[in-house]
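When reading the values below, keep in mind they use all heavy atoms of this one structure, side chains included, and skip hydrogens, waters and symmetry mates.
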Amino acid sequence: MQVKSTIRAGFSRFFALALILCASLAWAPLASAQHTSLLCPQQSATVANGGSVEIDITDCSDGFGPGSGPVQISPANGTAVMADVFLPPVFNIVTYTHNGNAAISDTFGFNDEYGNVVMVNITITPAASAIVVSPASISLQTGVFSSTVLTSTGGTAPYSYSLNSGTIPAGMTLSGATVSGTPTQRGPFSFTIRSQDAGGDFVLKTYGGTIADPVLGVAPPAPLLVNVASTLQLAGTGGSAPYAFSLSSGTLPTGTALQSNGQLTGTPTATGTFNFSVIVNDSTVDPSCPGCDFFSIVPVSVTVIAAPNLT
């Protein structure tokens, strides 16, 4: 009987040690350095501003470990709570609740069954707002000054305006409630303005479209004097300086030459009116079409007159 008791006690101690060893192996991943989960992919969800969303994370537990959780990386703009519902069918869920601030995204992370991190990306949709921003759209042309004053209704004045996303067109700025300046680029544009009232309510207004091509021209040049060495500067208009010029067709005043910078140089040898066309290139670019050149063919008329007799 004493031998049997000794054997039974030894077996009990062995069984207890085995249980401790199994438990330590099961929980060992949780105590080790955290890694990105291989069991469960990155999660994502969309929630309304100030609202909650439940995310099904059943795939983050294969039933062999202690179960998913807890939350290891807390969200910055809300709360995340893990929950297991042990009713058929069995669901593992995490509930994210947005705190109602102005953020439009959030992230947090929790452990999968083996202690590795599963990241969750949250998209926060703006709260429904009665604020309406005017004007409805903005039309822009390269090289043409534009000034648009933003106004809002439906909230509590005063309103503030800020750039929420996108880029104000090059050459323009947002100052207070005014978007103004002379666009120096052509092509598509898009930017989103945030209008917020005195109570903290806000709405996002997006402006976009295509900045129209510039209308290039040459200012009417002054007359030249016959047999007098002269330098006449052709002045480009529209678009963005500096400009480049080249002869397209027609006849320059006899004795003169056109330089690439727009200077007509030389000594005219005959009077009369000389009509010719020049190719004008400005410096605007189209970000959607790198390397694309823009030019206009502009007619020019230069008159050469006799020098006045001085007495």
Side-chain angles (χ1 to χ4, degrees), residues 49 102 104-105 123 125-198 200-221 234-246 248 262 277-300:
N49 188 287
I104 59 176
S105 64
T123 299
T125 59
S129 174
I131 299 175
V132 176
V133 181
S134 295
S137 61
I138 295 177
S139 296
L140 300 174
Q141 183 176 23
T142 307
V144 178
F145 179 80
S146 172
S147 181
T148 301
V149 178
L150 305 176
T151 59
S152 298
T153 59
T156 303
Y159 299 89
S160 63
Y161 301 89
S162 60
L163 179 65
N164 185 78
S165 61
T167 304
I168 302 292
M172 306 188 70
T173 59
L174 170 66
S175 179
T178 303
V179 180
S180 63
T182 302
T184 59
Q185 293 182 343
R186 53 193 174 90
F189 73 96
S190 178
F191 60 92
T192 300
I193 297 295
R194 176 189 173 105
S195 172
Q196 181 167 319
D197 74 353
D201 193 12
F202 71 95
V203 70
L204 301 179
K205 173 64 176 177
T206 298
Y207 291 101
T210 299
I211 303 175
D213 291 337
V215 177
L216 302 181
V218 175
L234 300 182
T237 62
S240 302
Y243 301 88
F245 301 82
S246 59
S248 174
S277 294
V278 294
I279 300 173
V280 183
N281 293 80
D282 77 338
S283 298
T284 59
V285 296
D286 184 348
S288 66
C289 185
C292 293
D293 197 15
F294 183 79
F295 67 92
S296 293
I297 298 177
V298 181
V300 179

Are side-chain heavy atoms of [X] and [Y] found at a separation under 4.5 Å?
X      : Y      : result
Val215 : Ser296 : no
Val280 : Phe245 : yes
Asn164 : Phe202 : no
Ile168 : Thr173 : no
Ile193 : Leu174 : yes

Taking [X] for the side chain and [Y] for the main chain, is one N or O donor matched with an acceptor at less than 3.5 Å?
X      : Y      : answer
Ser283 : Pro242 : yes
Asp282 : Ser240 : yes
Lys205 : Ala136 : yes

Mind listing the closest non-hydrogen atom pair of [X] and [Y] along with its distance?
X      : Y      : result
Val300 : Pro221 : CG1-CG, 4.2 Å
Leu140 : Ser146 : CD2-OG, 3.5 Å
Ser277 : Ile297 : CB-CG2, 3.9 Å
Val144 : Pro183 : O-CD, 3.3 Å
Thr206 : Ser190 : CG2-OG, 3.9 Å

Self-check item: All side-chain contact (heavy atoms from CB on, under 4.5 Å) counterparts of Ala212, not counting sequence neighbours
Solution: Gln141
Quiz item: More than 12 heavy atoms of other residues, nucleotides or ligands under 6.0 Å from CD1 of Ile131: is that the case?
Solution: yes
Practice problem: Using a cut-off of 6.0 Å, state whether more than 12 heavy atoms not belonging to Phe294 lie near its atom CZ. | Solution: yes
Quiz prompt | With sequence neighbours excluded, residues passing side-chain hydrogen bond (donor to acceptor under 3.5 Å, both in side chains) with Ser152 | solution = Tyr161, Ser195
Pairwise distance [atom1]([X]) to [atom2]([Y]) - rounded to 0.5 angstrom:
X      : Y      : atom1 : atom2 : value
Arg194 : Ser162 : CZ    : OG    : 6.0 Å
Leu216 : Thr237 : CG    : OG1   : 7.0 Å
Ile211 : Thr142 : CD1   : OG1   : 5.5 Å
Tyr159 : Thr153 : OH    : OG1   : 6.0 Å
Ile138 : Met172 : CD1   : CE    : 7.0 Å

Exercise. Begin with the C-alpha distance, continue with both residues' side-chain angles, and end with the deciding distance and a verdict on side-chain contact (heavy atoms from CB on, under 4.5 Å) for Val179 and Leu150.
Key: CA-CA 8 Å; Val179 180; Leu150 305 176; 4.3 Å; yes
Quiz item: ring pair (Phe, Tyr, Trp, His ring centres under 6.0 Å) with Phe191: which residues, sequence neighbours excluded?
Solution: Tyr207
